[in-house]
Amino acid sequence: MTDETQALEASVHKKWEGVFIATPSEKQKFYLNVAYPYPSGAMHVGHGRTYIVPDVIARFWRMRGREVLYPMAFHVTGAPVIGISKRIARNDESAIKLYRDLYKVPQDILDSFTDPLNIVNHFSNEYERVMTKAGLSIDWSRRFTTVEPTYSKFIEWQWHHLRAAGHVNKGAHPVRYCPQCENPVGDHDLLEGDKAEIQKFTLIMFTYGDAFIPCATLRPETIYGVTNLWVNPEVTYVRCTVDGKEWILSRQAMEKLAFQDHEVTETGTIPGSELVDKKVSHPFCGEVTILPAFFVDPDMATGLVMSVPAHAPYDYIALRDLQQKGKYTEIKPVGLITVVGYGEFPAVEAVEKADIINQDDPNLEELTQTVYSAEHATGKMYEKYGGKPVKFAREEVAEVLTEKHHSGIMYEFDTRPVVCRCGARVFVKVLHDQWFLEYSDPAWKKQVKDHLEDMELVPPEVRAEFFRTVDWLKDWACSRRIGLGTRMPWDPEWLIEPLSDSTVYMAYYTIASRIKHIDPSLLTPEVFDYIFLGKETENLPERERLDGMRKEFLYWYPYNFRFSAKDLISNHLTFQLFHHCTIFPKEFLPHGMVVFGMGLLNGAKMSSSKGNVYLLEDAINDFGADTVRMFLVGSGEPWQDFDWRNELVSSTRKQIERFISTIRENLTANGPESDIDRWLISRIQTHISLVTKAMENFQTRQALQEAFFGIESDFKWYRRRKGLAAGGQETMKYLSSVWVRLLAPIIPYTCEDLWKDMSTGLVSFASWPEPDPSRIDVSTEIAEELLVKTIEDIESILRIMRNPPRKVTICITPSWKWDVFTLIANAEDRKNVIRDVMQKEDIKSRGKEAADAVKQCTNLFHKLPSDLVERILQNRPDELSIFQSAAEFLSKDTNLEIEVSKSEDCRHMKAGSALPFKPAIIIE
RNA sequence: GCGGGGAUAGCCAAGUGGUCAAAGGCGAACGCCUCAAGAGCGUUUCUCGUAGGAGUUCAAGGGUUCGACUCCCUUUCCCCGCACCA
């Protein structure tokens with residue numbers, strides 16, 4: 001960035017101090033907001049776009065005379081900063097490197113990061129500083145963080161309502177858990193196995209003497225087909241008391257169950273080999289034998305497996321292996337499911353068909369999947385087992401087993417190992433007394449869907465995804481043991497989960513600057529009931545202040561648009577609808593959402609940990625804020641993914657410089673006005689309309705294209721037509737004034753600076769240009785279009801000519817061809833138009849010439865853009881005088897002698913090929 | 001795997017049945033200007049073409065249609081989400 005730009009930005013900043021504070025007024029409001037940041041690091045250019053695009057929209061509506069509220073706050077609840085501060089305290093090298101080198105945190109501040117609050121405080125301030133630097137027109141008077149006592153009071157109020165509505169309930173919940181850290185672990189905390197999912201197995205309890213042997217299965221309905229159990233003879237199993245009952249299972253399984261809600265005590269061991277050939281029994285399959293199998297993994301579920309050879313390829317293969325050695329030949333598969341495309345024993349069939357050799361065959365896994373999916377999709381239980389489709393029977397059987405036959409649940413990862421960052425193995429732990437938000441509630445879902453129908457969603461493609469998300473959401477564990485945040489008002493042992501304390505804060509913004517003046521201890525739920533719901537209670541404190549807040553809320557709410565990247569659709573953006581629907585009456589429900597695409601840096605994902613980031617502040621320092629803004633806006637529409645490439649940014653800088661010098665020159669222009677001035681002014685009206693429309697639709701890129709390049713290219717034509725003559729004084733003033741205002745939302749610094757020499761006041765609050773239909777001059781525009789097209793044709797001919805040209809003759813079409821063209825264009829019946837036209841006396845009399853003209857005009861009609869055809873029909877141009885008055889220009893422009901004549905006055909054979917809007921061109 | 005969205009010239013992108021060889025920007029080439037460089041301006045940028053034209057294209061394959069980048073089907077590839085995490 002040059003010193004000049006730096007000085008410019010600094011001087012503009014002074015003018016903007018405090019001016020974007022939004023206050024309710026007589027004006028119509030426009031309230032937009034963005035998902036607030038979690039300030040655990042520095043902003044990069046991807047964040048930049050997230051806040052700059054809404055700023056462009058905010059600036060646009062402000063200029064259109066709306067009272068605009070664009071607030072910002074900081075989300076500091078949750079656990080990440082706690083981890084960060086621990087790592088810094090521990091002197092973890094990669095953490096130190098990230099914060100010291102990439103985020104450029106000074107050493108003394110870094111030292112203070114051992115307190116997590118210092119991290120978020122530091123970066124909140126950084127965010128505000130850099131956002132301001134980027135020219136964001138944010139009302140900072142409403143800034144808050146989510147750990148302030150005042151905000152906590154607001155959250156408590158919100159949660160009272162959620163609970164009163166019956167949406168918060170208690171339950172147990174399986175989570176990934178690290179015994180060493182004594183904490184649940186998320187994806188980010190995992191060294192290995194971050195894709196592992198928790199699977200829910202049903203434990204089928206086989207009776208073995210006085211003990212149970214539990215077998216874990218995902219397919220409880222197959223219990224009817226069990227022919228034997230599998231045990232690994234090389235493994236030593238344990239006997240233990242589980243919740244007062246004797247179980248036999250692998251040691252690993254015992255350890256796992258201890259985390260899953262069971263009281264477990266080891267009482268002895270038993271070698272697997274000892275279990276071989278022993279009998280177990282279950283009411284649903286009778287007595288079966290335990291057989292040896294080496295595929296049984298003691299670290300998978302219970303370490304003992306029930307065998308259903310009819311429907312499970314592994315079981316069949318293991319059995320076949322044994323039987324081929326002449327053992328257990330009396331055991332036969334027992335079928336229980338009919339499947340489309342398979343016979344009595346699908347697994348047997350599949351295995352034999354695939355030529356599986358033994359139980360170590362690598363293709364077995366895939367084969368198993370195929371059989372399982374087929375059975376799940378089309379399988380039906382035998383009549384004697386209920387006859388229901390497998391997908392329904394599965395749950396029903398599990399239920400019966402649980403209720404009557406001692407079955408329970410065991411959770412297990414689908415892939416292993418799962419390892420915590422600390423190096424310890426991760427287990428599935430069942431957390432108790434968890435609070436849940438019941439997003440599964442169909443009635444609640446319905447409320448949200450009904451409201452979604454009425455919402456404005458940009459781009460429209462995301463609508464389907466929102467509906468899918470609502471359908472798909474299950475109960476959400478919303479209480480936490482660790483992290484920063486607000487405590488559950490009725491159960492202060494628990495903290496409110498961070499995504500769940502950030503769903504209605506858009507309402508809090510409306511009162512954020514006023515509520516600071518009230519002692520938090522006075523902020524009872526009744527106070528908020530009054531502010532947000534208008535509910536009166538006796539003895540409300542600070543009545544006057546509350547009235548002020550009530551007024552603000554009523555003025556601003558509901559918000560007009562919320563902006564966020566698309567990755568938040570499946571949680572935050574949908575959550576906030578759920579919460580709004582419960583807490584606020586219909587008239588305060590969100591009006592719209594704009595969903596952004598993701599950001600790339602040099603074609604790769606931006607990632608702080610991989611060092612693939614470009615900090616927003618660096619970008620601003622390197623190129624200037626306006627350049628960064630214009631590049632980000634120009635790289636794609638908000639909902640498209642975008643890619644930041646440094647080498648492309650510098651040309652944006654040049655464009656802004658070109659704009660500045662054009663405006664500066666134009667302001668000193670002192671020429672007289674002429675036809676071409678009328679043309680330019682006419683064109684500007686169209687540009688104003690198009691830019692306005694694009695902005696209204698959040699098409700910021702389209703708006704930029706139209707406002708910058710659209711006007712620039714017309715201006716270039718204007719300069720070309722003017723030649724050396726000075727621009728028209730009034731026209732240039734008008735152009736500059738409109739142009740600067742149209743670009744002000746996108747490059748506000750540049751425009752603010754230019755504006756000071758053109759008008760009083762700030763361009764940020766100047767009125768948005770309005771198109772003036774009376775200044776549209778259709779015939780002048782048509783005339784210029786004719787010239788442009790003709791020049792293009794001349795150039796196209798010159799390009800392929802070999803001999804040096806000297807003179808160009810332009811032959812204008814006779815008016816009867818215009819009549820033909822008009823008839824064709826207006827004809828309702830496309831197919832017979834030629835015949836109809838040839839019926840006309842005056843045309844028919846011209847014979848072959850007329851017939852040719854009809855064909856050519858038809859052709860031409862199809863080639864010209866339809867809107868142009870319409871315009872030239874309504875304003876048939878006087879081609880002769882257009883070319884006569886432009887002859888001098890054409891001559892200079894082409895550097896050739898130009899002659900204009902009517903085609904009937906011209907002897908050249910080509911003269912007859914003249915058509916409407918396409919004069920014959922003869923170059924010699 | 002499941003759900004949602006995509007694939008257009010070197011790159012970013014506009015374009016939803018004819019008006020499309022396909023807007024605009026970037027990049028590149030050439031020309032003008034200049035002592036020169038840069039900037040600026042102009043032209044070109046799928047292939048061919050001594051007259052404003054012709055030919056082959058819009059991920060791949062198939063289909064509907066007088067006609068498809070645009071509608072339908074299949075395949076391949078890319079992005080987002082798949083949860084207790086901001």
Side-chain angles (χ1 to χ4, degrees), chain A residues 35-38 40 75-81 173 175-176 184-189 195 197 369 373 431 434 436-437 439 459 461-469 471-480 483 497-500 502 565-572 595 597-598 600 603 605 631 634-637 639-643 645 647-652 654-655 657-658 661-662 699 701-702 704-706 708-710 712-713 716 719-720 789-790 792-803 860-869 893 910 913 918-923:
Chain A
Y36 50 21
Y38 184 81
S40 64
H75 189 216
V76 305
T77 38
V81 279
H173 185 60
V175 295
R176 288 183 291 217
V185 285
D187 275 352
H188 310 290
D189 308 316
K195 278 185 200 121
E197 282 186 45
Q369 275 312 314
S373 330
L431 285 189
Q434 263 284 352
F436 287 89
L437 277 165
Y439 293 134
E461 290 81 40
V462 300
R463 187 171 290 275
E465 206 180 342
F466 271 107
F467 276 97
R468 287 293 314 170
T469 300
D471 279 334
W472 159 88
L473 273 176
K474 300 198 264 282
D475 292 348
W476 181 267
C478 60
S479 50
R480 289 290 175 279
E497 183 273 329
L499 286 189
S500 306
S502 300
K566 65 180 169 191
D567 54 345
L568 295 191
I569 292 177
S570 65
N571 49 55
H572 167 75
V595 177
M598 310 300 287
L600 299 174
K605 253 181 226 175
F631 179 80
S635 64
E637 295 296 1
W639 40 90
Q640 285 163 336
D641 294 348
F642 81 100
D643 191 6
R645 286 175 193 271
E647 71 268 21
L648 300 182
V649 181
S650 47
S651 65
T652 305
K654 276 187 228 160
Q655 285 155 354
E657 275 160 14
R658 204 158 71 217
S661 60
T662 303
Q699 293 166 291
R701 173 198 164 98
Q702 177 67 29
L704 171 63
Q705 291 257 345
E706 195 55 50
F708 191 88
F709 301 107
E712 189 185 49
S713 99
K716 280 182 183 169
R719 295 285 353 155
R720 192 166 164 185
K789 278 198 181 297
T790 306
E792 274 169 14
D793 279 353
I794 292 172
E795 276 166 354
S796 152
I797 298 166
L798 289 175
R799 211 173 306 133
I800 50 173
M801 269 183 74
R802 225 186 241 168
N803 303 324
L860 182 67
F861 168 75
H862 286 297
K863 280 204 161 166
L864 293 176
S866 60
D867 69 299
L868 175 65
V869 170
D893 200 70
K910 286 200 181 301
S913 65
K918 199 170 178 61
I921 296 164
I922 299 148
I923 304 180

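Worth saying up front: this structure is predicted, and the values here are computed from it rather than measured. Below, chains carry the letters A, B, ... as their sequence lines are ordered, and counting in each starts from 1.
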Candidates rA86(B), rG3(B), rG81(B) - which lies nearest the side chain of D567(A): rG81(B)

Test side-chain hydrogen bond (donor to acceptor under 3.5 Å, both in side chains) applied to Y36(A) - qualifying residues, sequence neighbours left out: S502(A)

Strictly under 3.5 Å: I want the nitrogen or oxygen pairs between protein and nucleotides 10-16 of chain B, one per line.
from	atom 1	to	atom 2	distance (Å)
rC12(B)	O2'	S635(A)	O	2.9
rA13(B)	O3'	Q640(A)	NE2	3.4
rA13(B)	O2'	R701(A)	NH2	2.9
rA14(B)	OP1	Q640(A)	NE2	2.6
rA14(B)	OP2	Q640(A)	NE2	3.2

Atom-to-atom span, CE of M598(A) to C1' of rG4(B) - whole angstrom: 14 Å

By side-chain hydrogen bond (donor to acceptor under 3.5 Å, both in side chains) - contacts of E497(A) (at least two apart): W476(A), S500(A)

D893(A) CG - rC32(B) C1' separation (whole Å): 13 Å

Presence of donor-acceptor pair under 3.5 Å, side chain of N571(A) and base of rA86(B): yes

Nucleotide of rA83(B), rG52(B), rA86(B) approaching A920(A) most closely (side-chain heavy atoms): rG52(B)

Given rA86(B), rG81(B), rC26(B), the nucleotide with the shortest approach to the side chain of L568(A): rA86(B)

Most 5' of H572(A) and K789(A) on RNA chain B, judged by nearest nucleotide: K789(A)

Nearest-neighbour nucleotide for the R468(A) side chain, rG53(B), rG3(B), rA83(B) considered: rG3(B)

Watson-Crick or G-U counterpart of rG42(B), or none if no pair lies under 3.5 Å: rC30(B)

rC26(B) phosphate, OP1 or OP2, under 4.0 Å from K654(A) side-chain N/O: no

S796(A) (side chain) donor-acceptor with E792(A) (main chain) under 3.5 angstrom: no

rA37(B): pairing nucleotide in any strand, Watson-Crick or G-U under 3.5 angstrom: none

Atom C1', compared across rC58(B) and rC12(B): separation rounded to whole Å: 16 Å

Between rC80(B) (P) and K605(A) (NZ): distance, integer Å: 4 Å

Proximity to the side chain of P80(A) - top-ranked nucleotide from rG5(B), rA86(B), rC80(B): rA86(B)

All side-chain hydrogen bond (donor to acceptor under 3.5 Å, both in side chains) counterparts of E795(A), not counting sequence neighbours: none

Whole-Å gap separating P (rG24(B)) and CG (L704(A)): 15 Å

D641(A) side chain to M598(A) backbone, donor-acceptor under 3.5 Å: yes

Sugar-phosphate, base or nothing in reach of A35(A), heavy atoms under 4.0 Å: nothing

Value in whole Å for how far the C1' atom of rC80(B) lies from CZ of F466(A): 13 Å

Least distance between heavy atoms, D567(A) atom then S570(A) atom: O-OG, 4.0 Å

Salt bridge flag under 4.0 Å for residues E712(A) and R658(A): yes

Side chain of K910(A) (C-beta onward), nearest among rA51(B), rG81(B), rG4(B): rA51(B)

Value in whole Å for how far the C1' atom of rG25(B) lies from CZ of F631(A): 11 Å

Set of residues satisfying side chain to side chain contact (heavy atoms under 4.5 Å, CB included) with respect to R719(A), sequence neighbours excluded: F715(A), K722(A)

Set of side chain to side chain contact (heavy atoms under 4.5 Å, CB included) partners for K789(A), sequence neighbours left out: L864(A), L868(A), F917(A)

Proximity to the side chain of E465(A) - top-ranked nucleotide from rA86(B), rC80(B), rG27(B): rC80(B)

Distance, C1' atom - from rA21(B) to rC48(B), rounded to whole angstrom: 13 Å

First of F709(A) and I923(A) reached from the 5' end of RNA chain B, by closest nucleotide: F709(A)

Whole angstrom value for the distance that separates P of rG53(B) from CD1 of I921(A): 10 Å

Pairwise C1' distance, rA28(B) and rC20(B) [rounded to whole Å]: 24 Å

Partner nucleotide, any strand, of rG81(B) [Watson-Crick/G-U, under 3.5 Å]: rC2(B)

For W639(A), all residues meeting ring-ring contact (aromatic ring centres under 6.0 Å, His included), sequence neighbours excluded: none

Sugar-phosphate only, base, or nothing, as touched by L798(A) at under 4.0 Å among non-hydrogen atoms: nothing

Pairing partner of rG24(B) (Watson-Crick or G-U wobble, both distances under 3.5 Å): rC12(B)

Listed partners of S479(A) passing side-chain hydrogen bond (donor to acceptor under 3.5 Å, both in side chains), at least two apart: Q434(A)

Separation between the C1' atoms of rA60(B) and rU76(B), rounded to whole Å: 7 Å

Might you list the N or O atoms of the protein lying below 3.5 Å from N or O atoms in nucleotides 41-49 of chain B, with each pair's distance?
from	atom 1	to	atom 2	distance (Å)
rU44(B)	OP1	R799(A)	NH2	3.3

Rounded distance in Å - CH2 (W476(A)) to C1' (rC85(B)): 7 Å

Phosphate contact (rG4(B) OP1 or OP2) by K566(A) side-chain N/O below 4.0 Å: no

Sugar-phosphate, base or nothing in reach of T77(A), heavy atoms under 4.0 Å: sugar-phosphate

Separation between the C1' atoms of rA23(B) and rC78(B), rounded to whole Å: 26 Å

rA14(B) and rU8(B), which share atom name P, separated by this distance in whole Å: 10 Å

Distance-minimising heavy-atom pair for H173(A) and A477(A): CD2-CB, 4.0 Å

Closest non-hydrogen atom pair between C478(A) and L437(A), with its separation: SG-N, 3.8 Å

Interatomic distance at P, rC72(B) relative to rG17(B), whole Å: 11 Å

Assigned partner base of rC69(B), Watson-Crick or wobble definition, under 3.5 Å: none

Sugar-phosphate, base or nothing in reach of T790(A), heavy atoms under 4.0 Å: nothing

Distance, P atom - from rU74(B) to rG4(B), rounded to whole angstrom: 14 Å

